[in-house]
Each structure stands twice: as C-alpha cells, then as structure tokens.
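Report on one structure; see the data block that follows.
Both backbone and side-chain heavy atoms feed into the values below; hydrogens, waters and symmetry mates do not.
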Amino acid sequence: MKSEKMSIDSQIKIFRILFVSSISLTLIWLMVTLAISSKSRPVKISVWQGIEGHKKVEALDTRNRKHLKSMLRCKDSDLKMEILFRGDHWILQNMISGLRSRKMGCAEAITFVTVADFSYLMHLETLVERWMGPISLALFAPGDDFYATMNAIQYARLCLPISKLVRDYVTFHIYFPSGHLPVDGIPRTPLEALKWPANCSEPYAPYENVRRRDLYWHGLQLGLPINLGRNVARRSINTHYALVADIELYPSKDFIPQFFDMISRNTSLVTSKNRHVFAVPAFDLDHHAMVPDTKEDLMTMYNMGMAMEMHHRSCSYCQLIPEEQKWLE
C-alpha cells in the first residue's frame, strides 16, 4: 500500500506500561480507523510524523463539529443495552454505558476500543485519566468469572478517586460462551446491572492480586477470544473514529483534540474517497519509569534506554514504524 505523507505538528503517541522486571518484548500496531462505513473503498496508511514540539490543542467547538459531521456523513446514535447471541457466545452489549459516552456525537470524539478480563482493570484508572473520552471495554467473563467481573466493574465505577470519569466515559460489555453460563443468572437491564452492589471497604480492589490460574477461563483452558471481544467493543461505539488498542497501552495526553486539530488542517483525509488507517508509534517503558507527557520527555527516556520501540529486542523488523528515524529526531 502507498503511504500518504503529511506534515503535522501533533505529538500523538501510545505508551505501554509493564508491571514486570524488564522491558516488554511485544509489539502491536495501534490504529485509528477512518471512514469505516464504506467497506468497498481501498485503504491507505497515513503516518503521523509528529516531529515538532508538544502542542496544547483545544477540542473542536460546536460549529466545527457540525462541519466535520457533515463531511463524514455520520449519524448520531445512543448506546442501548442488548443481549445478543453470536457464534457460540452470549453478549451483554452496552450493559453499563458511560453517562457522557451514551449521548456522544459521532464527530465529537474518538472511542478507545479494548478487550480484557477483569484482572486487567488495574489499568483503567490511568487509561481513563489520560484518554478523557469514550472507552468501549469488552470483558470476557464465563462461569464464575462473571460475578468477579461485576464486582470489579462496580468497584471501578464507585470506589476510586476517578470513579466519576469511569461512570462518565467507560461503557462495559460482557461476553461468555454458551457452555459456560453464570450459574446464578445475569442482569437483564441496565438498571439491574447498576444495582449490583459494590464493596468499597475492601482493602484491595477485586482486580488486584488476582492469580491467572485462579481465573475460571484460565483454569479450564478456555482461551480468551480476543478478536471476538474486540469486535464486540468495536461494533458498540457511537463515534465515527476509533482507536483499537490493548488496555495496558496508555495514550499520550490530548490525543483526541490533537487528532481533530490534525484532520482540520488536512481535510482531504475526510473528503477523500479512500479510507485511511493511521499508524501510531508505540513504546515500551521500563517498569520504574513514569509515563511521559510530552515527546521531549519520551525522547529523554529513549536516549537513556528507559523507553524503546515495542518488540525491539525480540523482533525489531517485524512491524517497523514508518519513517521511524524522522519521528525520533
């Protein structure tokens, strides 16, 4: 595919924080998918070069959002709970929707799309604070994992210092195979889900100190159907743009307003007959490192060996960052 070059000053980055004793050896591509409504159109890869300094950019005002919406030809929609059956899995889609996300306009934000089990909710606090926009999270919860998952969701929504942000922005979906149903039933309406009790007096969150072997799905070697969960989270959004990433990948600050600033100065990306996929550089940080807020901070850590491209040590050529050296300058 031919890459389309752009000169932009937005510093849009993704960071991965690993709670282990070494730097990760895993690389993934993170993408913001554009113009998804027409599957027959060819796809171009566009690279954020991000070679100038960090820039604070305000979100689109109402007038510009309306203009972008007209160019995208997208329609606003609400997030409504549905109980679906796909393949061999039951899906509680939009079981609990974010208060702000459920009414989000299609051209108003970007939705962070991700999938996990409840033990990964330790990352949600940092993610929601840095993203400050809608998050669509599909959680795999077969059998007894369902009840631990509901406890973890309610703890995140009600018991954390940033719980208001979780309630505002995070939409939770749950899915599980038909052969491993929760024994004591499931909430069938959003109201039933919201009434699930939360125990904020516990010394640890339900998702802390969880051993993998104690998870229902892990003990039975069911495997976590990541692609299915990702599709559940992706199909449930109401914004035109989405960033699909692992939950432990933390976005740079001001990602959403910087993206909209970028496309406002490159309107051909919206009006073009081609769809565009934007590749975003991703880095691993040493477990002692603080998450950098600017590219300058990242480059300092990079030069000190505290940050590196993902998969750098195990397979540096597997998924190279386009124009990597120019971005790193």
| request: Using only heavy-atom distances, determine whether the side chains of Ser178 and His89 contain a donor-acceptor pair under 3.5 Å. | output: no
| Is Trp217 reachable from Tyr147 through a run of I, L, V, M, F, W or Y residues, each pair having side-chain heavy atoms under 4.5 Å apart? | yes
> Crowded around Arg188 CZ? As in, over 12 foreign heavy atoms under 6.0 Å?
Replying inline: no
In terms of heavy-atom contacts, Pro142 and Tyr216 come closest through O-CD2, 3.4 Å
Counting C-beta onward and ignoring hydrogens, is there a side-chain heavy-atom pair between Trp196 and Leu158 closer than 4.5 Å?
no
To the nearest 0.5 Å, atom CG of Leu285 lies from atom OH of Tyr250 at 10.0 Å
Residues Phe260 and Glu108: closest non-hydrogen pair is CE1-O, 3.8 Å
Would you indicate whether the side-chain heavy atoms of Val270 and Leu72 approach each other to under 4.5 Å?
yes
- Taking side chain as C-beta onward, heavy atoms only, is Met301 less than 4.5 Å from Met304? no
Separation between CG (Leu84) and CG (Asn94), nearest 0.5 Å, reads 9.0 Å
task: Find out if a path of hydrophobic residues (ILVMFWY) with successive side-chain heavy-atom gaps under 4.5 Å connects Phe176 to Phe85.
output: yes
**Request:** Say whether Asn231 and Arg234, considering side chains only, have a donor N or O and an acceptor N or O under 3.5 Å apart.
**Result:** no
Closest non-hydrogen atoms of Met122 and Tyr207, given as atom of the first, atom of the second and distance, are N-CD1, 3.5 Å
Next on the checklist: Do Thr239 and Thr111 pair up side chain to side chain, a donor and an acceptor below 3.5 Å, judged on atom types alone?
Outcome noted: yes
Fill in: Pair Arg130 + Asp254: basic N to acidic O under 4.0 Å
no
- Task: Evaluate the side-chain proximity of Leu127 to Ile135: yes if any heavy-atom separation is below 4.5 Å, no if none is.
- Result: yes
Closest non-hydrogen atoms of Val113 and Ala242, given as atom of the first, atom of the second and distance, are CG2-CB, 4.0 Å
Separation between CD (Glu248) and OG1 (Thr126), nearest 0.5 Å, reads 12.0 Å
- Side-chain donor-acceptor pair present, Asp297, Thr300, cut-off under 3.5 Å: no
#### Entry: Shared hydrophobic cluster, Leu99 / Met95 (ILVMFWY, side-chain heavy atoms < 4.5 Å)
no
Criterion ring pair (Phe, Tyr, Trp, His ring centres under 6.0 Å) on Phe259 and Tyr241, from CA distance to verdict: CA-CA 10 Å; Phe259 176 81; Tyr241 298 118; 5.1 Å; yes
(message) Between the side chains of Asp78 and Arg102, is the shortest nitrogen-to-carboxylate-oxygen separation below 4.0 Å, so that they form an ion pair?
(response) no
Here the gap from Ser136 atom OG to Leu79 atom CG, rounded to the nearest 0.5 Å, amounts to 8.0 Å
query = For residues Arg212 and Ser119, is any side-chain donor paired with an opposing acceptor at under 3.5 Å?
reply = yes
Exactly one candidate in Ile153, Ile96, Ile91, Val232 meets side chain to side chain contact (heavy atoms under 4.5 Å, CB included) with Ile174; the answer is Ile153
The reported gap from NZ in Lys295 to OG in Ser252 (rounded to nearest 0.5 angstrom) is 11.5 Å
Here the pair of heavy atoms bringing Cys200 nearest to Tyr155 is CA-CE1, 4.2 Å
Taken to the nearest 0.5 Å, the spacing of Ser268 OG from Lys273 NZ works out to 14.0 Å
inquiry  = Within the 3.5 Å criterion, strictly below it, is a donor on Ser77 or Asn238 matched to an acceptor on the partner's side chain?
reply    = no
Tightest non-hydrogen contact, residues Pro177 and Phe140, listed as CD-CE1, 3.6 Å
_Test log, rule side chain to side chain contact (heavy atoms under 4.5 Å, CB included), inputs Thr114 and Val244_ = CA-CA 6 Å; Thr114 191; Val244 181; over 6 Å; no
* To do: Check the pair Phe278 / Leu269 against side chain to side chain contact (heavy atoms under 4.5 Å, CB included), numbers first and verdict last.
  => CA-CA 10 Å; Phe278 291 81; Leu269 298 174; 3.6 Å; yes
Mind running side chain to side chain contact (heavy atoms under 4.5 Å, CB included) on Leu181 and Phe146 for me, showing each step along the way?
CA-CA 9 Å; Leu181 302 177; Phe146 182 88; over 6 Å; no
Salt bridge flag under 4.0 Å for residues Lys103 and Asp76:
no
- Phe112 vs Trp131 aromatic rings, parallel, tilted or perpendicular, using cut-offs 30° and 60°? perpendicular
Exercise for review: Could you tell me whether the side chain of Met310 reaches within less than 4.5 Å of the side chain of Leu249, counting heavy atoms only?
Suggested key: yes
| Would you say the side-chain atoms of Arg100 pair up with the backbone N or O of Tyr169, donor to acceptor, closer than 3.5 Å? | no
Report task. Tell me yes or no: between the side chains of Asn199 and Glu202, is some donor less than 3.5 Å from an acceptor? Result -> yes
Problem - Any side-chain donor near an acceptor of the partner, Tyr175 and Gln93, under 3.5 Å - result: no
